[in-house]
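First comes the structure, then the notes that go with it.
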Amino acid sequence: FDDNILTQPGVALMVTIVMVGGVAHSTNIIDGFHGLLLGVSILVLSAFMYVTILAGGDSKLITYMGIMLGALIGLILFNFPKGTIFMGDGGAYLVGFLLAVLALLMVRRFDNISPWFPLLALIYPVFETLFSIFRKRLLSRQPAMSPDSLHLHMLVYRHFGDSAGGILCLNRNAATSVVMWCMASLAIVPAVIWWDQTQVLQCLTIVYCLIYSLTYVWLAKKHTTAR
């Protein structure tokens, strides 16, 4: 694909536009509860920085990642567990845009980093978007971009119930974010371990998408039964 398709005039530009726009949109989708997007972004950025250092290091790229990581850590102190400051759509789109650009730069500058590493690290918001489009267009016959309350993090929130927020000594909103951080970590941790092994990363991406889909179906059925 890299040698025969991306080398065609304009193809690389279009793929880049779709990737950056898609990641920016996906981060906005998961920005639904206190600290959810911020926590996931901090985990992803930490993985990016660690792998960049392992791959040989790039002081300027690492500095950019560190600046963004510090800003997000500073913000999450006021967003989690109680939301006193919110990013809003503009902040969510900016975070997604920067994550996509950093992923592109990282793969571009280091041949030993598999392009599947940043994809697996970001697979939670990316697959959330793709799955939502599939669910709305093919299953519900609705516009792909129409808003609804059936995203995975919303089903997790409903599953907790009114009293389940007592776990982790957090309220229901914040507890949902913690669960989704763990969900995202199921992809981020293996991505860091096998960051330079493309075939392993491809298999892990498929496995994660299956885990996500089965979890979603289970929660959706439980919610439907409860109703």
Side-chain angles (χ1 to χ4, degrees), residues 1-30 37 40-41 43-69 90 92-138 143-145 184 186-213:
F1 182 84
D2 290 349
D3 295 334
N4 300 316
I5 299 179
L6 281 182
T7 54
Q8 300 301 315
V11 173
L13 175 61
M14 293 305 300
V15 171
T16 302
I17 291 173
V18 171
M19 174 188 169
V20 174
V23 173
H25 181 68
S26 70
T27 52
N28 187 54
I29 284 181
I30 68 169
L37 172 58
V40 172
S41 300
L43 291 172
V44 171
L45 268 175
S46 299
F48 281 6
M49 286 186 67
Y50 179 70
V51 169
T52 300
I53 294 171
L54 289 180
D58 182 315
S59 58
K60 188 172 292 187
L61 187 58
I62 293 172
T63 298
Y64 293 152
M65 292 178 179
I67 292 171
M68 182 179 177
L69 183 60
Y93 282 125
L94 176 61
V95 168
F97 171 78
L98 292 175
L99 287 175
V101 170
L102 290 172
L104 285 169
L105 291 173
M106 183 172 51
V107 173
R108 176 71 175 176
R109 296 187 180 187
F110 297 99
D111 294 335
N112 52 340
I113 296 180
S114 170
W116 286 78
F117 160 69
L119 176 59
L120 182 58
L122 287 164
I123 194 63
Y124 162 52
V126 169
F127 190 70
E128 172 74 47
T129 303
L130 297 175
F131 186 84
S132 297
I133 292 173
F134 166 79
R135 173 174 55 80
K136 293 174 184 178
R137 287 295 300 164
L138 299 182
M145 296 298 110
L186 292 177
I188 296 171
V189 173
V192 170
I193 296 174
W194 291 286
W195 58 273
D196 58 346
Q197 302 182 41
T198 296
Q199 291 184 342
V200 176
L201 293 171
Q202 290 172 338
C203 293
L204 289 171
T205 300
I206 295 173
V207 170
Y208 182 86
C209 293
L210 289 173
I211 292 174
Y212 177 102
S213 302

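All heavy atoms count here, side chains included; hydrogens, waters and symmetry mates do not. Along the sequence shown, the residues carry numbers beginning at 1.
Between Thr16 and Ala12, the shortest heavy-atom distance links the atoms OG1-O, 2.7 Å. A pairwise comparison of heavy atoms in Ala24 and Thr27 identifies O-OG1, 2.8 Å as the closest pair. Contact between Thr52 and Met65 at its shortest, heavy atoms only, is OG1-CE, 3.6 Å. Between Pro118 and Val107, the closest heavy-atom pair is CG-CG2, 3.7 Å. The two residues Ala121 and Val44 come nearest to each other via the heavy atoms O-CG2, 3.5 Å. Heavy atoms only, all atoms of each residue included: Ala55 and Asn112 are closest at O-ND2, 3.4 Å.
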Donor-acceptor contacts under 3.5 Å from residues 92-99 side chains, at least two apart:
| unit_1 | atom_1 | unit_2 | atom_2 | d |
| --- | --- | --- | --- | --- |
| Tyr93 | OH | Asn28 | ND2 | 3.3 |

Check residues 193-203 and write down every donor-acceptor pair under 3.5 Å in which the side-chain atom is one partner and the other belongs to a residue at least two apart or another chain.
| unit_1 | atom_1 | unit_2 | atom_2 | d |
| --- | --- | --- | --- | --- |
| Thr198 | OG1 | Ser114 | OG | 2.8 |

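Ile123 places none of its side-chain heavy atoms less than 4.5 Å from the side chain of Leu204. Using a 4.5 Å heavy-atom cutoff, the side chains of Pro125 and Ile29 are not in contact.
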side-chain contact (heavy atoms from CB on, under 4.5 Å) between Leu130 and Phe134, intermediate numbers included: CA-CA 6 Å; Leu130 297 175; Phe134 166 79; over 6 Å; no
Step-by-step ring-ring contact (aromatic ring centres under 6.0 Å, His included) determination, Tyr212 to Phe131: CA-CA 9 Å; Tyr212 177 102; Phe131 186 84; 5.4 Å; yes
Criterion side-chain contact (heavy atoms from CB on, under 4.5 Å) on Leu54 and Phe110, from CA distance to verdict: CA-CA 10 Å; Leu54 289 180; Phe110 297 99; over 6 Å; no
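Among residue pairs with one or both ends in residues 96-108, none qualify as salt bridge (Lys or Arg N to Asp or Glu O under 4.0 Å); sequence neighbours excluded.
Once rounded to the nearest 0.5 Å, the distance linking CG of Asp58 with CD1 of Ile53 reads 11.0 Å. Interatomic distance, OG1 of Thr205 versus CZ of Phe117, reported as 11.5 Å (0.5 Å rounding). Once rounded to the nearest 0.5 Å, the distance linking CE of Met49 with CG of Leu69 reads 6.0 Å. Taking CD1 of Ile188 as the reference point, atom CG of Leu45 lies at 10.0 Å (rounded to 0.5 Å). The line from CD1 of Ile62 to CZ of Phe48 is 13.5 Å long, rounded to the nearest 0.5 Å. If you take CD1 on Ile30 and OG on Ser132, they are separated by 11.0 Å, rounding to the nearest 0.5 Å.
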